[in-house]
A.B. asks: 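Below is one structure. I have some questions about it.
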Amino acid sequence: MKRNFLVVASDARVRETLAGELWNLGFSVTRAVNGAEAERVVRSVSVDAVLTESTLPDMSGEELATRLKQIRSDCRVVVLPLPTAGATG
């Protein structure tokens with residue numbers, strides 16, 4: 001049985017890049033654009049792990065991790081410190 005990852009990122013390029021890499025590694029991938037959508041997904045779909053950016057439009061990645069663990073205590077969440085839209089290196 002394939003493991004299912006949830007990728008949460010507001011930027012479509014980031015979301016699709018992460019999802020594509022996970023898919024190439026043989027994982028099943030579900031996507032969400034913000035924290036509220038991620039919460040709905042975790043309530044309705046079996047998710048083994050969540051990758052989220054640290055800054056979402058509606059909450060921080062840390063807040064999302066806390067909320068998802070309240071929904072499913074076994075939910076593994078990795079918060080990625082990605083640059084915000086418009087940031088320059």
A.B. asks: At their closest point, which heavy atom of R31 faces which heavy atom of E37, and how far apart are they?
C.D. replies: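 Residues R31 and E37, closest heavy atoms: O-OE2, 3.9 Å.
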A.B. asks: Specify the closest pair of heavy atoms between E62 and S54, including all atoms of both residues, with the distance to one decimal.
C.D. replies: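 What the structure gives for the nearest pair is OE1-O, 4.1 Å.
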A.B. asks: Could you list the residues that satisfy side chain to side chain contact (heavy atoms under 4.5 Å, CB included) with S28, not counting sequence neighbours?
C.D. replies: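 If we apply the side chain to side chain contact (heavy atoms under 4.5 Å, CB included) test to S28, skipping adjacent residues, the hits are K2, N4.
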A.B. asks: Would one find more than 12 heavy atoms of other residues, nucleotides or ligands at under 6.0 Å from atom CZ of R72?
C.D. replies: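 Yes, CZ of R72 has more than 12 neighbouring heavy atoms, counting only those of other groups under 6.0 Å.
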A.B. asks: Where is the tightest heavy-atom contact between S10 and E53, given as atom of each residue plus distance?
C.D. replies: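 Minimum heavy-atom contact is N-OE2, 2.5 Å.
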A.B. asks: Is there a side-chain contact between V7 and V29, using heavy atoms and a 4.5 Å cut-off?
C.D. replies: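 Yes, side chains in contact.
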A.B. asks: Keeping the roles fixed (side chain from R67, backbone from G35), state whether a donor-acceptor pair exists under 3.5 Å.
C.D. replies: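 Not at all, since once roles are kept as given, no pair shorter than 3.5 Å links the two residues.
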A.B. asks: Identify the two heavy atoms, one from D58 and one from A36, that lie closest to each other, and give their separation to 0.1 Å.
C.D. replies: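 The answer is OD2-N, 2.9 Å.
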A.B. asks: Which heavy atom of F5 sits nearest to which heavy atom of V47, and what is that distance?
C.D. replies: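 Taking every non-hydrogen atom into account, C-CG1, 4.5 Å.
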A.B. asks: If only atom types and distance count, is the side chain of R15 paired as donor or acceptor with the main-chain N or O of A9 below 3.5 Å?
C.D. replies: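 Yes, because the side chain of R15 sits within donor-acceptor range (under 3.5 Å) of the backbone of A9.
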A.B. asks: Given side chains that start at C-beta, do those of R76 and V50 come closer than 4.5 Å, heavy atoms only?
C.D. replies: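 SC-SC contact between R76 and V50 ruled out.
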A.B. asks: Is V45 reachable from L68 through a run of hydrophobic residues whose side-chain heavy atoms are each under 4.5 Å from the next?
C.D. replies: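 L68 clusters together with V45.
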A.B. asks: Distance check, rounded to the nearest 0.5 Å: T66 atom OG1 versus I71 atom CD1?
C.D. replies: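 The CD1 atom of I71 is 11.0 Å from OG1 of T66, to the nearest 0.5 Å.
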A.B. asks: Answer whether the closest heavy-atom distance between the side chains of L80 and L18 falls below 4.5 Å.
C.D. replies: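 Result yes, sub-4.5 Å side-chain heavy-atom pair found.
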